[in-house]
Amino acid sequence: MWRTDGAGELYTYLPPSSDANKAVCDVPPFSTCNDIFGASVGRGSFKFTPGTRATIGQRIKLNDVGQANGEIELFVDGQSMFTVPGLELVTSDQGRIRGIQMQTFFGGK
């Protein structure tokens, strides 16, 4: 997602039941979390430039069930912007990545 002046961020919805997932609330330069609306992670860690293309990538490592050892990492134009370790993304052995939904949009101020 992008904000005013092209400030980029990762916007995610992680299971709020895990206290470990609050780690996304502390990613610099600015992050904020809301159990209803999701988490704005690393806002301003990169900037979108009008009229240019950007290649965005995300690496997701699922945790072992019962352990907070999952990770998310954001890449912009091939460079890692940040990694958030210690996450609990699945709570059952049935947890799998079956697809991904990707959007980009202006999120306001």
Side-chain angles (χ1 to χ4, degrees):
M1 181 187 315
W2 73 91
R3 302 283 182 162
T4 302
D5 297 325
E9 66 183 51
L10 173 68
Y11 203 88
T12 188
Y13 304 90
L14 299 180
S17 58
S18 173
D19 285 339
N21 293 343
K22 289 182 174 49
V24 298
C25 305
D26 298 320
V27 175
F30 176 77
S31 296
T32 183
C33 292
N34 182 300
D35 287 345
I36 296 170
F37 296 111
S40 169
V41 184
R43 186 183 305 175
S45 57
F46 68 99
K47 294 215 181 257
F48 287 100
T49 304
T52 64
R53 294 178 186 246
T55 302
I56 308 295
Q58 185 176 352
R59 180 184 64 84
I60 300 168
K61 176 188 169 209
L62 295 180
N63 61 287
D64 296 309
V65 176
Q67 296 183 44
N69 62 355
E71 296 180 353
I72 56 174
E73 184 173 12
L74 179 69
F75 295 88
V76 178
D77 293 329
Q79 292 188 326
S80 177
M81 297 292 105
F82 56 81
T83 301
V84 185
L87 301 175
E88 187 174 9
L89 305 174
V90 294
T91 58
S92 162
D93 285 330
Q94 300 301 309
R96 302 282 185 273
I97 295 177
R98 292 187 173 93
I100 187 166
Q101 177 182 348
M102 181 75 176
Q103 298 177 357
T104 183
F105 57 92
F106 177 65
K109 298 187 224 177

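Counting heavy atoms from C-beta on, the side chains of E71 and V84 never come closer than 4.5 Å. Contact check for V76 versus T55: no side-chain heavy atoms found under the 4.5 Å cut-off. For the pair N63/L87, no side-chain contact is recorded, criterion being any heavy-atom separation below 4.5 Å from C-beta on. Side-chain contact between R43 and T32 is present, with heavy atoms from C-beta onward closer than 4.5 Å. Residues P15 and N21 form a side-chain contact, since some pair of their non-hydrogen atoms from C-beta on lies under 4.5 Å apart. Looking at heavy atoms from C-beta onward, I72 lies out of side-chain contact with T83 at the 4.5 angstrom threshold. Side-chain contact between E9 and S31 is absent, with no heavy atoms from C-beta onward closer than 4.5 Å. No side-chain heavy atom of V24 sits under 4.5 Å from any side-chain heavy atom of L10.
Taken from CZ in F75 to CZ in F82, the straight-line distance is 11.0 Å, to the nearest 0.5 Å. Taken from CZ in F46 to CG in D77, the straight-line distance is 9.0 Å, to the nearest 0.5 Å. To the nearest 0.5 Å, atoms SG (C25) and CG (L14) are separated by 9.0 Å. Here the OG-CZ distance, from S45 to F30, works out to 12.5 Å after rounding to the nearest 0.5 Å. Summarising the geometry, atom CE belonging to M1 is positioned 10.5 Å from atom OG1 belonging to T12; distances are rounded to the nearest 0.5 Å.
Considering all non-hydrogen atoms of both residues, G86 and A20 come closest at O-CB, 3.3 Å. Of all the heavy atoms in F37 and Y13, the pair that sits closest is O-CE2, 3.1 Å.
Side chain of N34 to main chain of I36: a donor-acceptor pair is present (N/O by atom type, distance under 3.5 Å, no hydrogens or angles). Of the possible polar contacts, one joining the K61 side chain to the N69 backbone as a donor-acceptor pair under 3.5 Å is found.
Crowding of Q79 atom CD: a count of heavy atoms from other residues, nucleotides or ligands under 6.0 Å not exceeding 12.
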side-chain contact (heavy atoms from CB on, under 4.5 Å) between I56 and L74, intermediate numbers included: CA-CA 7 Å; I56 308 295; L74 179 69; 3.9 Å; yes
